[in-house]
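Worksheet: the structure to be examined is printed underneath.
Because only heavy atoms are used, hydrogens play no part in the values below, and waters and symmetry mates are left out as well, while side chains stay in. Note that this is a predicted model, so its numbers are computed, not measured. Chain A is the first sequence line, chain B the second, and so forth, proteins listed ahead of strands; every chain is numbered from 1.
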Amino acid sequence: GAVVSQHPSWVICKSGTSVKIECRSLDFQATTMFWYRQFPKQSLMLMATSNEGSKATYEQGVEKDKFLINHASLTLSTLTVTSAHPEDSSFYICSASYNSGNTIYFGEGSWLTVV
Amino acid sequence: DAKTTQPTSMDCAEGRAANLPCNHSTISGNEYVYWYRQIHSQGPQYIIHGLKNNETNEMASLIITEDRKSSTLILPHATLRDTAVYYCIVRAPHGSGNTGKLIFGQGTTLQVKP
């Protein structure tokens, strides 16, 4: 299947700092990417839909000023967690639409720990 | 997006077929049925999807009832590496105002036992 890659795989940051997570579609162009968050023993929660060249669409309850999403090219979307706090520690996962949107492939996920 | 109902957990003996059910009684005519699985601490893996016909690929088979209100994912010969959480999701195709996003429920935890 198509490949979606995230970087970094894991990151530890200090409380109050910002951290950026990258999501790349390696062998296809993705006009739409999605960002999820997953807490331990819970399901994936959709945070936002990232559209190339336009503003992201955030799900209800997700702070757009805290979780900045940029989708500047057809192969790259970034999620920046600003002023991170320990409660932002989570598994962040991106996905990208392939084949005219019929199939969505996921990245490997990025573990964020805020200390 | 229509919601799905799956059993919380299932066991399966190694080498036997694993049949994972999913109810989606409110599915709309243009919504597809998708199956993903997530092995611990990894991103979800695409398995298969279908609209109304049964589908088969190298990983699994998808059987959709004629009224499309339920479906079954079949792993023909389960191995220990198939132990994972399996998610059944109904999704409208991208376009015509739809973003095509996937909304995850709680899924079925499949435990394949030796």
In terms of heavy-atom proximity below 4.5 Å to chain B, should A:Gln6 be classed as side chain, backbone, both, or neither? neither
For the NZ atom of B:Lys101 and the OG1 atom of A:Thr57, what is their distance to the nearest 0.5 Å? 8.5 Å
Do you know the tightest heavy-atom contact between B:Pro44 and A:Ile93? CD-CG2, 4.1 Å
Does one hydrophobic cluster hold both [X] and [Y], with members joined at side-chain heavy-atom distances below 4.5 Å?
X	Y	value
A:Phe91	A:Met33	no
A:Tyr92	B:Val85	no
A:Val114	A:Tyr36	no
B:Ile47	B:Ile74	no
A:Ile21	A:Val4	no

Using a 4.5 Å heavy-atom cutoff, which residues in residues 58-73 of chain A come close to chain B? A:Glu59
Do any of residues 42-54 of chain A have a heavy atom less than 4.5 Å from a heavy atom of chain B, and if so, which, in residue order? A:Ser43, A:Leu44, A:Leu46, A:Thr49
Taking 4.5 Å as the heavy-atom cut-off, does anything in residues 10-23 of chain B contact chain A, and if so which residues? none
Given a strict heavy-atom distance threshold of 4.5 Å, which part of B:Gln38 is in contact with chain A: side chain, backbone, both, or neither? side chain
Sequence neighbours excluded - ring-ring contact (aromatic ring centres under 6.0 Å, His included) pairs with any residue from residues 36-91 of chain B: A:Tyr105-B:Tyr46, A:Phe106-B:Tyr36, B:Tyr32-B:His49, B:Tyr34-B:His49, B:Tyr36-B:Tyr46, B:Tyr46-B:His49, B:Tyr87-B:Phe104
